[in-house]
Amino acid sequence: MCKGLAALPATCLKSAKDMKHRLGFLLQKSDSCDYSSSQGKKEKTSSSQRLSQEEVRKWADSLENLIHHERGLAAFRAFLKSEYSEENIEFWVSCEDYKKTKSPAKLSPKARKIYDEFISVQATKEVNLDSCTREKTSHNMLEPTLSCFDEAQRKIFTLMEKDSYRRFLKSHYYLDLVSPPGAGCGPENCKRNHTHTLDCNSNIISQCA
């Protein structure tokens with residue numbers, strides 16, 4: 001009949017404690033491995049989301065390529081914000097979102113919100129539209145449809161394409177992303193430019209990473 005732990009020799013008790021300690025150590029090591037594996041997966045995912053030079057170069061082919069790329073849109077938005085003209089891209093994005101509206105009941109309130117924010121005389125973020133387009137868009141507000149902002153959106157797209165888009169391609173917001181770090185410079189400048197590029201890239205596209 002078992003008399004409990006008290007009846008066991010001291011050496012047995014010591015061996016039991018040693019085994020318990022080793023099991024605890026192995027469990028901690030296992031947890032550490034799981035954590036390292038998880039971190040590795042996260043780093044791999046983050047790496048796969050990094051921009052390639054080929055992707056960035058395509059932004060220079062057309063404004064459409066730029067703003068239909070999530071990180072390209074973020075970089076262009078940051079550039080426009082630096083020029084205090086971000087209302088143009090915000091209007092364009094709002095129109096894109098509006099055209100995806102599935103519920104007919106939501107068309108009128110969403111259309112009115114866009115109109116009041118970007119087109120009306122008292123708009124807080126008024127975009128630069130000619131009087132004819134503005135008048136036609138105002139008329140469309142009587143019976144809003146998915147295409148009621150199409151003409152105004154095209155005008156703003158053309159305006160950005162001929163003006164701010166060209167300046168964007170010459171700005172550090174684009175050049176720091178498309179140029180390899182430290183290209184065409186000495187060792188000291190390479191180090192400085194590389195650091196500058198990393199900082200700029202982080203600031204520009206961190207919200208999409």
Side-chain angles (χ1 to χ4, degrees), residues 45-46 48-171 173-175 177-178 201-209:
T45 301
S46 176
S48 67
Q49 292 176 347
R50 290 174 184 169
L51 281 173
S52 69
Q53 291 296 307
E54 184 179 356
E55 284 180 297
V56 178
R57 289 193 184 97
K58 287 181 180 179
W59 299 351
D61 292 341
S62 68
L63 175 59
E64 189 171 351
N65 283 353
L66 173 66
I67 60 182
H68 279 93
H69 189 288
E70 184 179 4
R71 297 191 181 186
L73 176 61
F76 189 51
R77 190 195 295 267
F79 169 73
L80 291 180
K81 190 172 183 178
S82 73
E83 291 198 334
Y84 303 99
S85 59
E86 67 268 28
E87 69 277 357
N88 290 326
I89 193 63
E90 288 183 10
F91 172 66
W92 185 89
V93 170
S94 294
C95 290
E96 287 294 290
D97 178 67
Y98 174 78
K99 287 186 288 187
K100 297 174 184 176
T101 305
K102 295 181 180 180
S103 172
K106 293 182 179 180
L107 285 179
S108 185
K110 289 184 72 172
R112 176 53 59 181
K113 181 179 179 181
I114 293 174
Y115 180 81
D116 290 342
E117 188 173 8
F118 298 102
I119 299 177
S120 72
V121 179
Q122 298 180 336
T124 56
K125 300 178 182 178
E126 185 178 358
V127 292
N128 187 12
L129 292 172
D130 60 88
S131 58
C132 182
T133 303
R134 193 180 299 274
E135 184 177 346
K136 183 176 180 179
T137 305
S138 298
H139 179 74
N140 291 341
M141 289 299 97
L142 298 175
E143 293 183 16
T145 63
L146 289 176
S147 60
C148 66
F149 292 110
D150 281 3
E151 185 172 344
Q153 186 184 20
R154 279 195 297 270
K155 290 293 179 68
I156 294 303
F157 179 90
T158 301
L159 179 65
M160 291 190 295
E161 186 176 40
K162 293 181 177 180
D163 187 26
S164 52
Y165 171 59
R166 295 179 181 180
R167 291 198 304 278
F168 168 77
L169 295 178
K170 297 177 182 179
S171 73
Y173 288 88
Y174 177 69
L175 296 179
L177 290 171
V178 75
N201 290 358
S202 177
N203 291 334
I204 294 170
I205 62 177
S206 60
Q207 56 185 302
C208 301

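Pairs of residues two or more places apart, or lying in two chains, that qualify as ring pair (Phe, Tyr, Trp, His ring centres under 6.0 Å) and include a residue from residues 103-131 are F91-F118. Sorted by first and then second residue, the salt bridge (Lys or Arg N to Asp or Glu O under 4.0 Å) pairs involving residues 78-87 (not counting sequence neighbours) are E83-R167.
The local environment of CD in E96 is crowded, with over 12 non-hydrogen atoms from other residues, nucleotides or ligands closer than 6.0 Å.
Put simply, the side chain of Y98 reaches to within 4.5 Å of the side chain of P144, judged on heavy atoms. Looking only at side-chain heavy atoms (C-beta outward), L80 and S164 come within less than 4.5 Å of each other. Side-chain contact check for W59 versus L177: some heavy-atom pair is nearer than 4.5 Å. Under the 4.5 Å side-chain criterion, counting only non-hydrogen atoms from C-beta, V93 is in contact with L73. Looking only at side-chain heavy atoms (C-beta outward), L107 and T145 stay at 4.5 Å or farther from each other.
Here the straight-line distance linking atom CG of N65 with atom CZ of R57 works out to 14.5 Å at 0.5 Å rounding. Distance CD1/I89 to CG/L63: 7.0 Å, rounded to 0.5 Å.
With sequence neighbours left out, the side chain to side chain contact (heavy atoms under 4.5 Å, CB included) criterion links S82 to F79, Y173. Residues satisfying the salt bridge (Lys or Arg N to Asp or Glu O under 4.0 Å) test with E161, not counting sequence neighbours, are none. Residues forming a side chain to side chain contact (heavy atoms under 4.5 Å, CB included) with S52 (at least two apart in sequence, or on another chain): E54, E55.
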Would you list the atom pairs, donor with acceptor, under 3.5 Å between side chains in residues 127-134 and any protein atom, with sequence neighbours excluded?
unit_1 : atom_1 : unit_2 : atom_2 : d
D130   : OD1    : C132   : N      : 3.2
D130   : OD1    : T133   : N      : 2.8
D130   : OD1    : T133   : OG1    : 3.0
D130   : OD2    : T133   : OG1    : 2.9
D130   : OD2    : K155   : NZ     : 3.0
T133   : OG1    : K155   : NZ     : 2.8
R134   : NH1    : I119   : O      : 2.5
R134   : NH1    : E126   : OE2    : 3.4
R134   : NH2    : E126   : OE2    : 3.4
R134   : NH2    : V127   : O      : 3.2
R134   : NH2    : L129   : O      : 3.4

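S120 places a side-chain N or O within donor-acceptor distance of the main-chain N or O of A123, the cut-off being under 3.5 Å.
Residues T101 and K110 have side chains that bring a donor and an acceptor to within less than 3.5 angstrom of each other.
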Legend entry - Full working for side-chain contact (heavy atoms from CB on, under 4.5 Å) between D150 and S147: CA-CA 5 Å; D150 281 3; S147 60; 3.2 Å; yes
